[in-house]
Amino acid sequence: MSRALAILKDVFGYHAFRGRQAEIIDHVAEGGDCLVLMPTGGGKSLCYQIPALLRQRAGHGTGIVVSPLIALMQDQVAALSEAGVRAAVLNSTLSGAEASAVERDLLAGRLEILYVAPERLMTPRFQDLLERTRIGVFAIDEAHCVSQWGHDFRPEYIQLSVLHERFPQVPRIALTATADSVTREEIVERLALQDARVFISSFDRPNIRYRIVEKDNARQQLLTFIKAEHLAADGTHDSGIVYCLSRKKVEDTASYLSSQGLNALAYHAGMDAGVRQHHQARFREEEGVIMVATIAFGMGIDKPDVRFVAHLDLPKSMEGYYQETGRAGRDGLPANAWMAYGLGDVVQQKRMIDESEADDAHKRVSSAKLDALLGLCETAGCRRVRILAYFDEASEPCGNCDTCLEPPATWDGTREAQMALSCVYRTAQASRVHFGATHMVDVLRGNASEKIRQWGHDKVSTFGIGADRSVSEWHAIFRQLIAHGLLVIDHGGHGALLLGESARAVLKGETQITLRRQASKPAKSGERTARGTGTRTDHTAGMDEDALANWEALRKWRTETAREHGVPAYVIFHDATLAELARSAPDSLTAMAEVPGIGAAKLERYGDAILEALASV
Ligand code: ADP
Ligand code: ZN
């Protein structure tokens with residue numbers, strides 16, 4: 001293990017392993033197979049990079065890393081090269097000549113780590129190449145891509161089981177941040193990892209603050225949120241991602257934010273590929289860009305300093321929500337996950353499931369996954385407890401989510417629930433057709449519209465009995481009844497509501513219903529900042545004037561260096577490393593080597609320039 005620690009220090013500049021990293025590295029370096037489940041930002045890369053280096057140096061051969069995303073591979077290889085590792089990438093972006101050069105290096109044993117796209121790996125040509133090469137380890141990153149139920153399914157991943165058949169003596173490490181048990185079992189089965197050890201880390205991301213607000217005017221709410229928590233006094237703002245369901249909404253939202261003076265870009269699969277890539281590159285390389293995107297923008301974003309992820313539409317599942325929000329705060333510093341959610345979202349997602357071409361079994365799974373997410377949105381308890389429970393992890397209320405910070409008031413909604421359920425029952429009985437929530441609210445509030453009169457719903461006994469509550473209050477009630485399973489959205493019925501199994505007991509007065517009162521006013525932002533929510537000033541918190549001046553000088557140096565090397569700034573040094581340099585202002589290379597994030601290669605490459613930058617302040 002001491003050799004692994006030496007590499008951690010020397011190459012990566014870190015002083016200690018995190019969580020289960022040491023165990024995992026030990027296991028793989030010894031030649032064992034394993035499956036690693038670790039949240040985004042948990043430190044998965046080192047779990048295969050260090051064993052790859054250890055095994056390569058022990059003469060076992062090159063570590064081969066299978067990774068589905070080109071941008072991710074390039075970032076990783078750039079970062080490894082910066083750290084002095086002989087790493088390369090083989091994917092479709094290389095010219096024929098460049099690819100041949102990489103292949104020659106591989107055959108000659110000159111590479112320590114090679115990143116390969118799955119479709120490239122499975123070509124007969126590359127398989128032949130592997131037969132003639134010494135291979136130390138196979139790492140399969142984003143292993144959940146083998147899951148057909150999942151959102152990132154990649155058909156080429158299914159074939160990766162061939163690796164085990166052809167190279168049984170080479171250890172394999174599969175890694176993912178998707179942790180639900182169904183996906184886990186699928187990975188084990190499809191990659192033939194039955195005998196592999198499974199390492200499960202806690203999925204908690206304590207630095208992320210979860211918040212789910214009731215949708216009112218979502219764009220306006222988003223703007224208020226960004227301004228309150230992520231905008232600095234000088235008009236610059238943090239990097240963030242805003243997810244929307246449709247391409248049109250992505251474009252509209254991006255132009256809206258831009259019109260409000262924010263640096264926002266759009267990203268979706270329907271855009272011109274060149275523009276899309278340009279936007280992605282700007283997001284990666286510049287500071288303070290807000291990417292408004294569909295989920296086409298996602299996997300492989302390992303920008304460490306994304307300070308917020310916002311959802312303007314409901315994701316499809318808890319896995320989706322957790323993975324998307326997990327892109328915030330990979331550097332471990334405070335970050336926000338913010339979502340606006342309303343009744344329309346539920347109806348829209350249900351409809352998308354119904355109208356999809358999937359078979360019934362798949363639709364049932366999708367529906368159950370959506371229900372779990374609704375439960376999260378409507379819970380009056382801690383959001384984090386709820387999320388972690390979904391991933392089979394028990395926890396205590398976190399103190400860093402909206403419901404912990406401002407516990408929602410609850411109220412006895414039994415009477416209202418009875419009104420709503422009975423309205424669903426009566427109207428369906430009167431017209432033999434089921435209707436959606438909007439119609440129910442009209443009936444309950446006694447709104448004698450043409451549609452209502454046409455169906456005779458102004459004659460049912462529930463007409464007008466809920467006139468004392470507003471439309472939005474009723475929407476909140478219906479959402480919660482759906483989330484509790486008392487009402488079910490009909491398959492194929494365009495949002496039509498049916499009574500759930502447990503509705504009868506409520507109608508008979510046998511069950512009490514406690515509902516969550518919606519927070520009417522957003523909490524003051526000043527209070528949040530005081531608690532340490534992500535703002536761009538975090539790195540400089542507590543710095544004195546000297547340190548601040550150092551920080552500015554170092555940032556300037558880093559921007560220039562990153563531009564010269566054609567890599568994002570964080571590939572040179574993370575903000576946290578830069579801040580530590582600014583604070584401690586080392587006056588020698590020996591002192592600098594103690595700063596976390598500075599390994600031997602970086603010390604040699606940049607040490608003098610940093611001393612110079614610090615001296616010039
Ligand atoms: P994942 O792939 O699991 O999302 P990464 O491998 O990208 O996470 O690691 C997340 C961040 O944590 C990176 O910036 C990485 O350099 C840092 N990191 C990982 N392990 C350690 C460690 N032992 N000590 C300090 N920083 C670490
Ligand atoms: Zn909480």
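Just so you know, ligand 1 is whichever comes first in the structure, and atom 1 is the first atom listed for that ligand. In what follows, every heavy atom counts, from backbone to side chain, and hydrogens, waters and symmetry copies are set aside. Along the sequence shown, residues carry numbers from 1. Treat the numbers as computed from the prediction; the structure is a model and nothing was measured.
For atom 8 (O) of ligand 1, the nearest protein heavy atom (residue, atom name, distance) is G43 N, 3.2 Å. Remark: minimum distance from atom 23 (N) of ligand 1 to any protein heavy atom is reached at A16 O, 2.9 Å. Counting only heavy atoms of the protein, atom 6 (O) of ligand 1 lies nearest to S45 OG, 2.7 Å. Scanning the protein for heavy atoms near atom 11 (C) of ligand 1, the closest one is R330 O, 4.0 Å. The protein heavy-atom contact nearest to atom 12 (O) of ligand 1 is R18 NH1, 3.1 Å. Protein heavy atom at the shortest distance from atom 20 (N) of ligand 1 is Q21 NE2, 3.0 Å. Remark: minimum distance from atom 10 (C) of ligand 1 to any protein heavy atom is reached at G41 O, 3.6 Å.
Of all atoms in ligand 1, listed by their number and element, those nearer than 4.0 Å to a heavy atom of L46 are 19 (C), 20 (N), 21 (C).
Not a single heavy atom of P304 sits less than 4.0 Å from an atom of ligand 1. Heavy atoms of T40 come nearer than 4.0 angstrom to ligand 1 in at least one pair.
Between Y210 and W338, the ring center distance fails the sub-6.0 Å criterion. The aromatic ring centroids of Y322 and F391 lie less than 6.0 Å from each other.
A salt bridge links K303 and D305; the closest N-O separation between the charged side-chain nitrogens and carboxylate oxygens is under 4.0 Å. With respect to the salt-bridge test (charged N to carboxylate O, under 4.0 angstrom), the residues E142 and K44 do not qualify. The pair R479-E214 meets the salt-bridge criterion, since a charged nitrogen lies less than 4.0 angstrom from a carboxylate oxygen.
Residue A177 does not touch ligand 1, judged by heavy-atom distances below 4.0 Å. Contact annotation: for H574 versus ligand 1, heavy atoms closer than 4.0 Å belong to the side chain alone. At a 4.0 Å heavy-atom cut-off, ligand 1 does not touch M38 at all. Only the backbone of P39 comes within 4.0 Å of ligand 1, judged by heavy-atom distances.
Remark: the E378 side chain and the Y341 side chain contain an N/O donor-acceptor pair separated by less than 3.5 Å. Residues D33 and H27 bring no donor and acceptor atom of their side chains to less than 3.5 Å of each other. Under the 3.5 Å distance criterion, with hydrogens and angles disregarded, no donor-acceptor pair is assigned to the side chains of E119 and Y157. R172 and Y48 share no side-chain donor-acceptor pair at under 3.5 Å.
Residue Y14 holds the heavy atom nearest to atom 25 (C) of ligand 1 of all those in F17, Y14, Y570, Y48.
Rounded to 10°, the angle formed at the Zn ion (ligand 2) by SG of C404 and SG of C401 is 110°.
In this pair, F297 and F283 present their aromatic rings perpendicular. The plane angle is above 60°, beyond the 30 to 60° band.
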